[in-house]
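All ligand and atom numbering here is 1-based and tracks the order in the structure.
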Amino acid sequence: MQSIAANLEDIRKEIKAACIKAGRQPETVRLIAVSKTKPAAHIKEAFDAGQVEFGESYVQEFLEKSKDPLLEKSPISWHFIGHLQSNKIRSIIDKVRLIHGIDKLSTAEELSKRAQQHNLQIDYLLEVNTSGESSKYGMLPDEVLSRAESLFKLPNITLRGLMTIASPESEKARVEFRNLRLLLESLKTVAPDPEKLTELSMGMSGDFQEAIEEGATMIRVGSSIFGWR
Ligand SMILES: *Cc1c(COP(=O)(O)O)cnc(C)c1O
């Protein structure tokens with residue numbers, strides 16, 4: 001197996017190639033290295049190879065890793081990308097740069113309440129179920145628009161964009177990525193500060209090229225960097 005550093009280098013080249021194909025600047029796509037289930041030593045290896053943004057999915061695991069002595073001197077920027085229950089918000093709120101998986105108005109309300117208590121300003125993304133599969137988390141596109149007004153009013157939290165996990169089939173995935181981008185455009189037309197809605201978190205190991213071609217600003221890549229889980 002290749003080293004984590006070599007995997008990262010490959011991914012960065014692929015990101016660049018996908019950007020060139022799409023006529024985009026490579027700096028407009030941020031790589032989030034998804035380190036769930038992987039030990040702190042592997043995160044350290046990626047950090048030492050220049051990777052700063054990491055994504056974690058499970059609250060307990062994230063909390064343990066975020067205080068691991070191995071990573072003490074590594075100023076990592078953590079993204080929480082998993083499904084987030086309201087009762088877990090409190091424990092992660094002051095440790096993450098961006099929360100990707102808010103999928104209910106009630107969870108956003110709890111996030112706002114906790115952000116006020118901690119006197120923090122928190123950025124978040126709404127998770128959208130673009131495939132319509134009932135097994136997936138996320139708001140349906142119509143729900144995003146109907147909840148928008150309430151979401152925009154919540155103090156101490158800022159909606160920065162949308163996130164999705166697409167279908168495994170790449171042609172379906174491409175349509176879903178495109179629909180997420182169109183949904184973000186619709187959301188901007190009703191937003192008080194549309195210039196804050198800049199992020200599309202979409203694309204994983206198997207489909208990030210398509211996601212970049214459809215406008216992803218953050219891709220979340222795990223197994224292509226760290227190996228199989
Ligand atoms: C695990 C996970 C990823 C990374 O998936 P890979 O296929 O390993 O790249 C991306 N996004 C979310 C939300 C995940 O849970």
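Look at Arg114 and Glu110 and you find a salt bridge, because one of the NZ, NE, NH1 or NH2 atoms lies within 4.0 Å of a carboxylate O, short of that distance.
In this pair, Phe54 and Trp78 present their aromatic rings tilted. The plane angle is within the 30 to 60° band.
Checked by distance only, ligand 1 and Ser224 stay at 3.5 Å or farther apart across all their nitrogen or oxygen atoms. For ligand 1, the polar-atom distance check against Gly222 finds a nitrogen or oxygen pair separated by under 3.5 Å.
Under a 4.0 Å criterion applied to the non-hydrogen atoms of Ile81, ligand 1 contributes the atoms 11 (N), 12 (C), 13 (C), 14 (C). Taking a cut-off of under 4.0 Å to the non-hydrogen atoms of Val221, the atoms of ligand 1 that pass are 9 (O). Of all the atoms in ligand 1, the ones that sit under 4.0 Å from a non-hydrogen atom of Ser57 are 15 (O). Those atoms of ligand 1 with a heavy atom of Arg229 less than 4.0 angstrom away are 1 (C), 5 (O), 6 (P), 8 (O). Close approach to Met163 involves these atoms of ligand 1, each under 4.0 Å from a residue heavy atom: 13 (C). If you number the atoms of ligand 1 from 1 as listed, the ones under 4.0 Å from a heavy atom of Ile165 come out as 13 (C).
A donor-acceptor pair under 3.5 Å links the side-chain atoms of Glu61 to the main chain of Thr37, judged by distance alone.
When the shell of 6.0 Å around CZ of Phe152 is examined, it contains more than 12 heavy atoms from other residues, nucleotides or ligands.
Looking only at heavy atoms of the protein, atom 11 (N) of ligand 1 is closest to Arg220 NE, 2.8 Å. Atom 1 (C) of ligand 1 has Lys36 NZ, 1.4 Å as its closest protein atom, hydrogens excluded (heavy atom only). When hydrogens are left out, the protein atom nearest atom 9 (O) of ligand 1 is Ser205 OG, 2.5 Å; that is the closest non-hydrogen contact. In terms of protein heavy atoms, atom 10 (C) of ligand 1 is closest to Met204 SD, 3.2 Å.
A donor-acceptor contact closer than 3.5 angstrom is absent between the side chains of Glu56 and His79.
Summarising the geometry of Leu197 relative to Ala191, their closest heavy-atom pair is CD1-CB, 3.7 Å, with the distance given to 0.1 Å. Closest non-hydrogen pair, Ser167 versus Ala173, comes out as O-CB, 3.5 Å.
For the atom pair CZ (Arg30) and CD (Glu199), the distance works out to 5.5 Å, reported to the nearest 0.5 Å.
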